[in-house]
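Count residues from 1 along the sequence. Whatever order the structure lists them in is the order used to number ligands and atoms, beginning at 1.
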Amino acid sequence: MTSTPELGPVAYHRGEFTDARAAQLPLTTQGLHYGTGVFEGIRAHLLDSGDLAVFRLGDHLDRLLAGARLLRVDTGATRDQLTDVVVELLRRNGFAADVYLRPLAYKLGLLPGTRPGVGLTGVSDALSIVVSKLGDYQPPQGIRCLISSWRRPARSAVPVRAKITGGYVNNALALDEARCSGYDDAILLDDRGLVAEATTANVFAVRDGVLVTPPATGDRLPGITRDTVLTLAADLGIDRVESELDSADLLQADELFLTGTGCGVSPVVEIAGRPVGTGRPGPVGAALRETYDQTIRGRRPDTRGWLTTVALAEALR
Ligand SMILES: Cc1ncc(COP(=O)(O)O)c(C=O)c1O
């Protein structure tokens with residue numbers, strides 16, 4: 001298990017491949033001051049062949065570009081061009097290991113003649129992508145979650161269908177509260193007191209053999225891993241329903257797990273000081289975790305075109 005990711009030597013920064021450690025930004029960068037940026041978390045895994053496979057790259061780029069449009073950030077690149085950039089970046093970094101890609105599109109600096117302020121027009125844009133070596137970071141034996149005292153902002157206040165940098169202050173406060181209280185992660189409720197999501201993951205419960213996750217339409221990021229897990233659950237013939245959950249549902253669940261690009265399918269074995277089910281990862285989550293891992297590593301047929309294979313140089317394989 002890796003805790004501190006190793007930054008790859010090459011970044012893509014403002015239209016060029018460059019030394020990741022030397023790349024710089026002005027102190028006046030608007031995205032830094034106002035949270036006017038949008039990012040993605042994407043993973044690529046080492047295949048048995050020795051090549052890398054990026055998981056659902058097109059879906060991640062679509063979400064990034066849609067978020068960028070919302071913030072009036074012109075990335076200067078199409079989805080196809082960004083696909084080529086990601087493939088080339090992985091080749092140049094040459095990690096023959098599982099990696100994490102972090103594209104970030106953001107507002108940069110005021111254009112001449114623009115009045116200062118929290119504006120989205122009259123401000124230049126930029127896109128950067130870094131790569132880190134990152135294996136599994138959540139323990140397979142499960143994590144412990146707090147139900148946060150912080151509420152997830154409503155989608156009417158902060159858009160939820162994109163990973164907007166400014167919105168993550170909420171997630172940071174919730175994770176900080178959880179860690180300071182001795183937990184691994186936090187589950188946030190929405191304004192109505194219903195389960196929104198974890199700090200960087202969606203929430204699934206299992207009750208009487210039925211998989212339950214809140215609908216993609218609420219105050220939560222509709223995760224790509226969430227969609228993958230629902231699809232794989234259908235493949236495995238697991239009964240599933242998209243329905244709101246409340247705190248009592250969490251406390252009464254037979255199984256709980258989180259899903260996200262970073263954490264994969266991550267069992268929750270304790271919630272708010274109580275064991276979940278037996279206090280150990282349950283069978284439904286375990287089956288989905290196993291199937292998910294095989295899928296992202298190309299050990300099941302890629303019938304849905306989810307994998308973008310990147311051939312690494314022969315010397316690296
Ligand atoms: C707030 C939040 N919810 C859910 C997720 C899971 O999304 P995905 O499965 O697309 O990675 C993330 C991912 O980072 C996230 O930041």
For Ser132 and Glu6, which I'm curious about, is there any donor-acceptor pair between the side chains at under 3.5 Å? no
Cut-off 3.5 Å, side chains only: do Thr231 and Arg304 have a donor facing an acceptor? no
Taking any residue with a non-hydrogen atom under 4.0 angstrom from an atom of ligand 1, which ones do you get? Arg63, Lys163, Tyr168, Asn171, Glu197, Thr199, Thr200, Ala201, Asn202, Leu221, Gly223, Ile224, Thr225, Thr259, Gly260, Thr261
Sub-6.0 Å ring centroid separation between Phe39 and Tyr168: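 Yes, ring centres under 6.0 Å apart.
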Among Asn93, Val86, Val87, side-chain contact (heavy atoms from CB on, under 4.5 Å) partner for Leu90: Val86
Donor-acceptor pair, Asp239 side chain versus Val210 backbone, under 3.5 Å? no
Quick one: side chain to side chain donor-acceptor pair (under 3.5 Å) partners of Thr199, sequence neighbours excluded? Asp185
